[in-house]
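Just so it is clear, the structure is predicted and the values come from calculations on it, not from any experiment. Counting starts at 1 for both ligands and their atoms, in listed order. In this chain, numbering begins with 1 at the start of the sequence shown.
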Amino acid sequence: MIYTVTLNPSVDYIVRVEQFELGSLNRTSEDSKFPGGKGINVSRVLKRLGVESNALGFIGGFTGSFVADFLSGENIQHNFIKVSGDTRINVKLKTDVETEINGVGPSVSEEQLNQFLQLFQHMNQDDIVLLAGSIPGTLPTSIYQKIMTICKEKEIKVVADVSGDALKEVLSEKPFLIKPNHHELGELFETNIQSVEDAHKYAKQLVKQGVKHVIVSMAGEGALLVTDEFSYVANVPKGKVLNSVGAGDSVVGGFLSAFSDNKSLEEAFKIGVASGSATAFSLELCTKKEVEELLPQIEVFKI
Ligand SMILES: Nc1ncnc2c1ncn2[C@@H]1O[C@H](COP(=O)(O)OP(=O)(O)OP(=O)(O)O)[C@@H](O)[C@H]1O
Ligand SMILES: O=P(O)(O)OC[C@@]1(O)O[C@H](CO)[C@@H](O)[C@@H]1O
């Protein structure tokens, strides 16, 4: 089973405003609400690509019920720990540019954290755990490392899609896969990554440190998959970007769907990139049909 962990889920409130004016009353031309948070997006992409997962994390209040009910409605398994505050609402404002305002999220008590950690006791080496997204302020910053230590004892593969300090923390536990974008990779090495060559050089360093697979997404500039045996670079298909929320999560979801279906790493990488672009080119997360349509446009080369 693939377990996706979203410590701080959200309701993503997506609003389109045609002529946005700061300091004025603006009215939306379109708005919609979806369950959000990076792990939850990965679970939804996996489901669309025909792969089961179980979404874990903390939810609370009416917004938390929305998240749980929405996932149940899509037949996605979930096992969230309930907290007393409301799950956050993240505003995704679509004007001529995209602006995001992410909430803080509810508090998690020590008892709720322990309840959550108990869930890992039932997992085994056939499982994959995905850790994705920010850590709520009330949880220790070492929480991802703690989960990874439990997973290591049980020989569970860990995929981490995290950034900033959390990324630094998970590296020491040698994850199976990480997927930074080129900005996040640059931040880690305190540098500015501007080319595929730069991204390759720094991703290689992470592999030397023990990370098994590194996918670096570079938005419209392509993507890389780096392992200790080989490195692949992929182009991304051409199209109009309508929504970048969840595009990175879709790369992870696409890759994991194919990997768990025993496809080659090269094929899994291609499906990951196609899924990312299919989400970027649509208003919501990618569908299987959209991914399949883009797949022939993606070429992968060894570098
Ligand atoms: N301009 C684009 N053209 C084609 N595909 C794109 C474009 N921008 C993003 N994508 C797709 O989305 C994937 C993820 O994009 P990006 O590198 O921006 O990751 P991210 O920052 O993690 O994404 P997110 O916007 O979800 O945070 C890319 O690998 C690609 O497949
Ligand atoms: O605040 P975090 O946890 O870093 O990111 C949360 C979030 O922006 O990430 C997802 C897109 O990747 C959205 O569904 C969600 O709102």
With a 6.0 Å cut-off (strictly less than), is the heavy-atom count around CD of Q19, excluding the residue itself, greater than 12?
no
The protein heavy atom nearest to atom 28 (C) of ligand 1 is A219 O, 3.9 Å
Locate the shortest heavy-atom distance separating A166 from Y144; write the atom from each residue and the value.
CB-CD1, 4.0 Å
Decide ring pair (Phe, Tyr, Trp, His ring centres under 6.0 Å) for F62 and F66; before the verdict, give the C-alpha distance in whole Å, the side-chain angles of both, and the deciding distance to 0.1 Å.
CA-CA 6 Å; F62 72 107; F66 171 85; 9.2 Å; no
Counting heavy atoms under 4.0 Å, the part of S275 that contacts ligand 1 is neither
Check the angle between the aromatic planes of F70 and F34 and answer parallel, tilted or perpendicular using the 30° and 60° thresholds.
perpendicular
Short N or O distance, V273 and ligand 1, threshold 3.5 Å exclusive:
yes
So which pairs with a foot in residues 160-170 pass salt bridge (charged side-chain N to carboxylate O under 4.0 Å, His left out), sequence neighbours left out?
D165-K168
Pairs of nitrogen or oxygen atoms closer than 3.5 Å, one from V236 and one from ligand 1: do any exist?
no
Number the atoms of ligand 1 from 1 as they appear, then name those within less than 4.0 Å of a heavy atom of G276, with their elements.
11 (C), 12 (O), 31 (O)
heavy-atom search around atom 24 (P) of ligand 1 in the protein gives S244 O, 3.5 Å
Evaluate V241 for polar contact with ligand 1, using N/O atom pairs at a separation under 3.5 Å.
no
With side chains defined as the heavy atoms from C-beta onward, is the minimum distance between F255 and L265 less than 4.5 Å?
yes
Does K146 NZ have over 12 foreign heavy atoms under 6.0 Å away?
no
In terms of residue, atom name and distance, what is the protein heavy atom nearest to atom 23 (O) of ligand 1?
G248 N, 3.3 Å
Report whether I178 and L224 are members of the same hydrophobic cluster (ILVMFWY, side-chain heavy atoms less than 4.5 Å apart, transitive linking).
yes
Protein residues that have a heavy atom under 4.0 Å from any atom of ligand 2, sorted by chain and number:
S10, D12, G36, G37, K38, N41, R88, N90, K92, E100, N102, G133, S134, V245, G246, D249
Using a distance threshold of 4.0 Å (strictly less than), state whether atom 31 (O) of ligand 1 has a protein heavy-atom neighbour.
yes
Starting from atom 13 (C) of ligand 1, which protein heavy atom do you reach first, and at what distance in Å?
V251 CG2, 3.6 Å
Looking only at distances, can you tell me whether any N or O atom of K179, backbone or side chain, sits closer than 3.5 Å to an N or O atom of ligand 1?
yes
Which pair of heavy atoms, one from P9 and one from I40, lies closest together, and at what distance?
CB-CD1, 3.5 Å
Should the heavy atoms of other residues, nucleotides or ligands under 6.0 Å from CD of E110 be counted, would the total exceed 12?
no
Geometric N/O contact S277 with ligand 1, under 3.5 angstrom:
yes
Measuring from non-hydrogen atoms of G246 to any atom of ligand 1, is the shortest distance under 4.0 Å?
yes
NZ (K154) with more than 12 external heavy atoms under 6.0 Å
yes
Do R48 and K288 come within less than 4.5 Å of each other through their side chains, counting heavy atoms only?
no
Under a 4.0 angstrom heavy-atom cut-off, which atoms of ligand 1 come close to G220?
1 (N), 2 (C), 3 (N), 7 (C), 8 (N)
Quick one: look up the protein heavy atom nearest atom 19 (O) of ligand 1 and list residue, atom name and how far away it is.
S217 OG, 3.1 Å
Could you tell me whether a side-chain N or O of S217 sits under 3.5 Å from a main-chain N or O of A223, the two making a donor and an acceptor?
no
Pair N75-K47, side-chain donor/acceptor within less than 3.5 Å
no
Which protein non-hydrogen atom lies closest to atom 21 (O) of ligand 1, naming both residue and atom, and how far is it?
N181 ND2, 2.8 Å
